[in-house]
Amino acid sequence: MELKYVGLSEINGPLVVLDKVSGIAFDEIAQLRLDDGTRRLARVVEVEEDKAVLQVFEGTKGLSLTNTTTQFSGKPMELGLSKEMLGRIFSGSGRPIDGLGEVIPDKFKDINGSPLNPVSRTYPRNYINTGISSIDALMTLIRGQKLPIFSGSGLSHNKLAVQIAKQAKIADENGQGFGIVFGAMGVKNDVADYFKRSFEETGALERVAMFINLSNDPIIERILTPRCALTCAEYLAFEHDMHILVILTDMTSYAEACREFSSSKGEIPGRKGYPGYLYSDLASIYERAGIVKGSNGSVTQIPILTMPNDDITHPVPDLTGYITEGQIVMDRHLEQTGTYPAVSVLPSLSRLMKDGIGEGFTREDHSMCANQLFAAYSKVQDARALASVIGEEELSEGDKAYMNFGKLFEAHFINQGFDVNRTIEETLDLGWALLSTLPRAELDRVDDEHLDKFYDPEKAKAMFQ
Amino acid sequence: MDNIFSINGPVVKVKASKSFSMQEMVYVGEKRLIGEVIRVTGEFTTIQVYEGTTGLKPGEPVEGTGAPMSATLGPGILDNIFDGIERPLKKLEELSGAFIADGANVTSIDTQKKYNCTITVSVGDKLSAGDIYCTCPETELITHRCMLSPLSQGGEVVWCAPDGEYTVNDTVVKIKTPLGEQELTLCQKWPIRTPRPCKERLPGTRPLITGQRIIDTVLPIAKGGTAAIPGGFGTGKTMTQHQLAKWCDADIIVYIGCGERGNEMTQVLEEFSELIDPHTQRPLTDRTVLIANTSNMPVAAREASIYTGITLAEYYRDMGYHIAIMADSTSRWAEALREISGRLEEMPAEEGFPAYLPSRISEFYERAGYVKTLGGSEGSVTIIGAVSPQGSDFSEPVTQNTKRFVRCFWALDKSLAYARHYPAINWNSSYSEYVGDLEAFYTKNVNADFMQVRQQISSILVEENTLMEIVKLMGTDVLPDDQKLLIETARIVRVGFLQQNAYHKDDTYVPLEKQYLMMKAICDFYSLAQSALAGGAAYQSILDLGWSDKLIKIKYDIPNDKPEMFGEYEKQMTADFKGLTEVA
């Protein structure tokens, strides 16, 4: 027989306290039934002898100390899973909201997941071709990687995410399923709509599962959203051998929800008021990317976060950068000059790139070309800094060559357009053509053999006339 | 029997119990989760649990073990991968599959495997703490030496097993102690939070040779020393740690992945089993212990992983080996302290970190050292800790407190990393206090003028740094020729010497002799060019000789095993410059 408790003894923000209860387990799920017949889910966040503290997912609006009955489930939060979830739209806590009825679950899983044993992982090596030059060449996305987009309000990160989702191809796709799980935390209605429409237009909707928590939905549900999305992704990847791309947006809203929740619990804050465990909490989300030994599927994550005030040292991008395997940074200045995608190349990085490119994956000259582009573009910055002091006219010949290279690089390589899908060969050839506008002696990261093969100033001249 | 009173994340409280002592290891709940007592008051005993507490209920039993949190030490540690509380991850995989479940009960080291033991004592011998009574080959590289635990009072050997095959729990020797007879097996336990004793600490006068040029020559570290590698994300902390773990000349590496990425640990596992140690020609895993507590594994075990790692290191040190510990990253460990402290509702100091953060950091780094062991041999533990400063801001508490307790500071620099200059150690903001201690070693073993050449290289870099302020404002064109030459030479030092390619077969590890010869060649170029300028040669004509590029590519062009080629370069360079002055 299941016990029901009538009434509450305290309500504080999203938290409620129940006294004189027994047999309550830490982290279990309870259902609150209001007098008007509506139901809300809650989770046990602290237990003490005969007292339990619960967080209510849908918020505590309308709750009073007397109008609720609480029933405990005896289980942690679980999500019903099925392959039919692709093509469907769910709320942040995993309830279908597209009016197509319930999903018949094939399996239930704890949404918190369990840590993946490092010895059971397969080190990610295969690259995902996104068709976007700046990403493919300079911060290659690898299957099983977590590569966030660091952006700012008003930048085109959503467009970029859609383009990646639309164009992503797996290099050696052998008929295996490719799916997208989309988790939206605290996004504006328009943004959620934009993603939905874009997936529809590109015909990708039937391979997308969407979990949507809008910015005016309760914050506790927001804390569950990425966990539901990842549980679904893990299920599809590791039990149905699919390659799943998870797009999570916006992680900053998620972290703010954690902060709100933490302060309502009265916890001691860390930096900027965020809870001291934000790192562990974010890690429990980001670390759920990878490949498990013995399974053919993979979970690749592209979390998107907006940096408050474009500040990369803000706790959320900072902690994210320490957990994820690189980052794609968007740049406001480039965006303003009309460049799309406005990827800021120098601070961007893919840590897993080195083992997933080159012969057998992309092309053997890839790493050399990428290194030289990075080195050359970093010199462009020096030349620009100097030019802003002494004027472009006064620059030495070498610096002028770099200024020119910088312009061409931004206009032809980074700037690509939403509908252009470049193969890796096109991207690398373009890279070499750009490098060929510089004097040969400047290319100190490339050996002579490759210079002989790819260095062709005549061709470059004709190309960029 | 004591029961759980309350649960808050990894912190569990037991009410009104007198049966627990501080830092005692306990089993919590029906699942027997491993925990440790961290606070005892009349009212409550507070326990931190090393596994997930989901599903735990008040009223479930808590059982004490009567012993502090200990590591099991014996053969079978090497070539293994553990979690933060010394549970072998491969065993956990067999038990619970790819995802780690709670409450898995496994032994730390393989109790079935037999080792070919040689008993080194005989009946009647006197044994005291630290004396070796049995040896066995643990891997092809490392001979395991079983020592009498420092916890024992010592005594006379009354029984010895014959040489032969034994498992870790077989009794091989019996001794008579003042407290009665003690049976000695191949393994022993040691509380992880207590440093293992040694006879005396010796000064560190031998360098830990890493084959990384900027470290070995500019910022060296001694065996038994301490170093911190602070750097924002993407600056190459982990990469530097991997390079050191692969190439440094320690006998054993303890690699602690503390709150870092799962894929990174998998990479270490894969890469190290394929790589061959240049000193011994055996796979690197033969001399490596991995401790992996990734960022999504329980936070309390992350806190313990640092202590587990150093305890294993000290144990091998006591056998007379040289150990290097790579801790990646100590900031995550400090954050674990902060998280637990927050759950205990302790009064926070800076940025929410507990007030005891500096003392914990110093306790950890002080366990490094070059020592004379209780058994009379020499061993060392070198600690190299990565620090991940919040917001890349070196003034945050973990970096600042670490800086106080280490003697080597290898600061990684974002702008160098952006320019893909690796290792991105900034030579201006880094320092090493070991230079003086190691002077004698370098002078004796590498070359008599090693220190002078090193100083010259440092001076070039310092002068460049001063000049750069002008260059940033006006460009290089306005400088006089001798300063242009300095800037050019500094470029050669930076690109040709300090920058090192971890993916190039020769450049990934460079022997000390070649490092010296490279520096020497650059210094010679500088002095030849200076005298050419003084002799009236044009600056451009010096550049036209093309020696800058040749010197920059020397790291690839001269193989590590052909140092004699430097002689030819030297001759050619002198001749070229002679030609120059003659024309002038």
Side-chain angles (χ1 to χ4, degrees), chain A residues 23-28 46-49 76 112-124 144 267-271 276-277 279-280 283-284 287-288 290 292-293 313-315 318 321-323 325-327 346-347 349 352 354 371 374-375 378 385-386 389-390 394-396 399 441 444, chain B residues 5-8 13 15 52-59 81 89-90 92-93 97-101 232-234 257 259 261-263 265-267 269-270 292 294-297 299 332 335 338-339 342 345 348 351-352 388 390-393 418-420 472-477 495 503 549 552:
Chain A
I24 308 303
F26 180 69
D27 225 11
E28 79 170 288
E46 206 176 320
V47 280
E48 194 179 296
E49 204 164 30
N112 294 311
S114 304
L116 183 51
N117 192 330
V119 300
S120 312
R121 278 182 188 267
T122 302
Y123 186 66
E267 290 172 337
I268 293 167
R271 203 155 55 114
Y277 51 80
Y279 177 84
S280 305
S284 72
E287 275 292 318
R288 292 171 79 176
V292 176
K293 255 183 211 160
T313 65
H314 183 275
D318 189 47
Y322 279 122
I323 306 164
E325 285 137 351
Q327 65 276 340
L346 294 178
L349 167 84
L352 301 184
K354 59 187 190 300
N371 271 336
F374 271 125
S378 99
L386 192 56
V389 179
I390 61 172
E394 300 296 313
L395 290 180
S396 65
D399 284 339
D444 52 4
Chain B
F5 173 76
S6 73
I7 305 148
N8 177 8
K13 284 185 182 167
K15 198 173 183 180
T53 47
T54 298
L56 214 56
K57 292 176 185 168
I81 174 166
L89 287 173
K90 283 175 194 154
L92 284 181
E93 187 187 27
F99 293 91
I100 298 173
F233 59 85
R261 305 175 181 90
N263 279 334
M265 293 316 294
T266 313
Q267 183 196 0
L269 266 179
E270 275 185 24
T294 57
S295 53
N296 55 343
M297 282 154 82
V299 68
R332 303 294 160 238
E335 276 163 19
R338 173 167 74 182
E339 192 172 331
E345 291 166 9
E351 300 203 4
S388 322
Q390 305 165 356
S392 308
D393 170 15
Y418 284 180
R420 300 308 188 255
K472 267 187 201 139
L473 286 178
M474 349 230 327
T476 39
D477 286 353
V495 183
Y503 302 110
D549 282 344
I552 285 174

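Within every chain, numbering begins at 1; the chains are lettered A, B, ... in the order of the sequence lines, protein sequences first and strands thereafter.
Only the side chain of B:Asp477 has a heavy atom closer than 4.5 Å to any heavy atom of chain A. Interface remark: A:Val292 contributes side-chain atoms only to the contact with chain B (heavy atom separation under 4.5 Å). Interface residue A:Pro347: backbone and side-chain heavy atoms are both found under 4.5 Å from chain B. Heavy atoms of B:Met297 lying under 4.5 Å from chain A belong to its backbone as well as its side chain. Only the side chain of A:Gln327 comes within contact range of chain B, with at least one heavy atom under 4.5 Å from a heavy atom of that chain. Residue contact with chain A, scored on non-hydrogen atoms closer than 4.5 Å, involves the backbone and the side chain of B:Glu351 alike. Of the two parts of A:Leu352, only the side chain, counted from C-beta on, holds a non-hydrogen atom closer than 4.5 Å to a non-hydrogen atom of chain B. For B:Lys15, the part sitting under 4.5 Å from any heavy atom of chain A is the side chain, from C-beta outward, and nothing else. Neither the backbone nor the side chain of A:Glu28 comes within contact range of chain B; no heavy atoms are under 4.5 Å apart. Only the side chain of A:Ser378 has a heavy atom closer than 4.5 Å to any heavy atom of chain B. Interface remark: A:Leu346 contributes backbone and side-chain atoms alike to the contact with chain B (heavy atom separation under 4.5 Å). Both the backbone and the side chain of B:Ile7 come within contact range of chain A, judged by heavy atoms closer than 4.5 Å. When heavy atoms are compared at a cutoff of 4.5 Å, B:Ile81 approaches chain A solely by way of its side chain, counted from C-beta outward. Looking at B:Lys90, the atoms closer than 4.5 Å to chain A (heavy atoms on both sides) sit in the backbone and in the side chain alike.
If you tally non-hydrogen atom pairs under 4.5 Å between each of A:Gly321, A:Ala441, A:Gly144, A:Ala283 and chain B, the highest count goes to A:Gly321. Interface check for chain A: of the options B:Ala419, B:Ser388, B:Gly342, the most heavy-atom pairs under 4.5 Å are formed by B:Ser388. Chain B forms more heavy-atom pairs under 4.5 Å with one residue of A:Glu394, A:His314, A:Lys354 than with any other, namely A:Lys354. Ranked by heavy-atom pairs under 4.5 Å with chain A, the list B:Ile552, B:Leu92, B:Leu473, B:Val495 is led by B:Leu473. Counting heavy-atom pairs closer than 4.5 Å to chain B, the top-ranked of the candidates A:Leu116, A:Asn117, A:Ile24 is A:Asn117. Ranked by heavy-atom pairs shorter than 4.5 Å toward chain B, the options A:Val119, A:Ile268, A:Thr313, A:Asp399 are led by A:Val119. When each of B:Gly232, B:Gly59, B:Gly352, B:Gly55 is checked for heavy-atom pairs under 4.5 Å with chain A, B:Gly55 comes out on top. Interface remark: of the candidates A:Asn112, A:Leu386, A:Val389, A:Leu386 forms the most heavy-atom pairs closer than 4.5 Å to chain B. Comparing B:Gly234, B:Gly257, B:Ala292 by heavy-atom pairs within less than 4.5 Å of chain A, the highest count is held by B:Gly234. When A:Gly270, A:Ser280, A:Ala375 are compared by the number of non-hydrogen pairs under 4.5 Å with chain B, A:Ser280 comes out ahead. Comparing B:Glu339, B:Glu335, B:Met265 by how many heavy-atom pairs each has under 4.5 Å with chain A, the most go to B:Glu339.
Distance check, rounded to the nearest 0.5 Å: CD1 of A:Ile323 to CG of A:Asp318 gives 10.0 Å. Within the model, atoms OH of A:Tyr322 and CZ of B:Arg332 stand 6.5 Å from one another, a figure rounded to the nearest 0.5 Å. Rounded to the nearest 0.5 Å, atoms CZ (A:Arg271) and CZ (B:Arg338) are 8.5 Å apart. Between the OG atom of A:Ser284 and the CG atom of B:Asn296 there is a distance of 7.5 Å, given to the nearest 0.5 Å. Taken to the nearest 0.5 Å, the CD atom of A:Glu48 stands 7.0 Å off from the NZ atom of B:Lys13. The CG atom of A:Asp444 lies 8.0 Å from the CG atom of B:Asp549; values are rounded to the nearest 0.5 Å.
Of all non-hydrogen atoms in A:Ser120 and B:Glu93, the two that sit nearest each other are OG-OE2, 2.9 Å.
The shortest side-chain heavy-atom distance between A:Ile390 and A:Leu395 falls under the 4.5 Å cut-off. When side chains are defined from C-beta on, A:Ser396 does not count as touching B:Thr476, because their heavy atoms never get closer than 4.5 Å.
Panel note: side chain A:Tyr277, backbone B:Val299; no donor-acceptor pair is recorded below 3.5 Å. Between the side chain of B:Thr266 and the backbone N or O of A:Pro118 there is at least one donor-acceptor pair closer than 3.5 Å.
Side-chain contact check for A:Glu287 and B:Thr294: no donor-acceptor pair (N or O, by modelled atom type) lies under 3.5 Å.
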Next on the checklist: Run the side chain to side chain contact (heavy atoms under 4.5 Å, CB included) test on B:Leu56 and A:Asp27 for me, step by step, so that the C-alpha distance in whole Å, both residues' side-chain angles and the decisive distance to 0.1 Å come before the verdict.
Outcome noted: CA-CA 8 Å; B:Leu56 214 56; A:Asp27 225 11; over 6 Å; no
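Atom NZ of A:Lys293 has more than 12 neighbouring heavy atoms from other residues, nucleotides or ligands inside a 6.0 Å radius.
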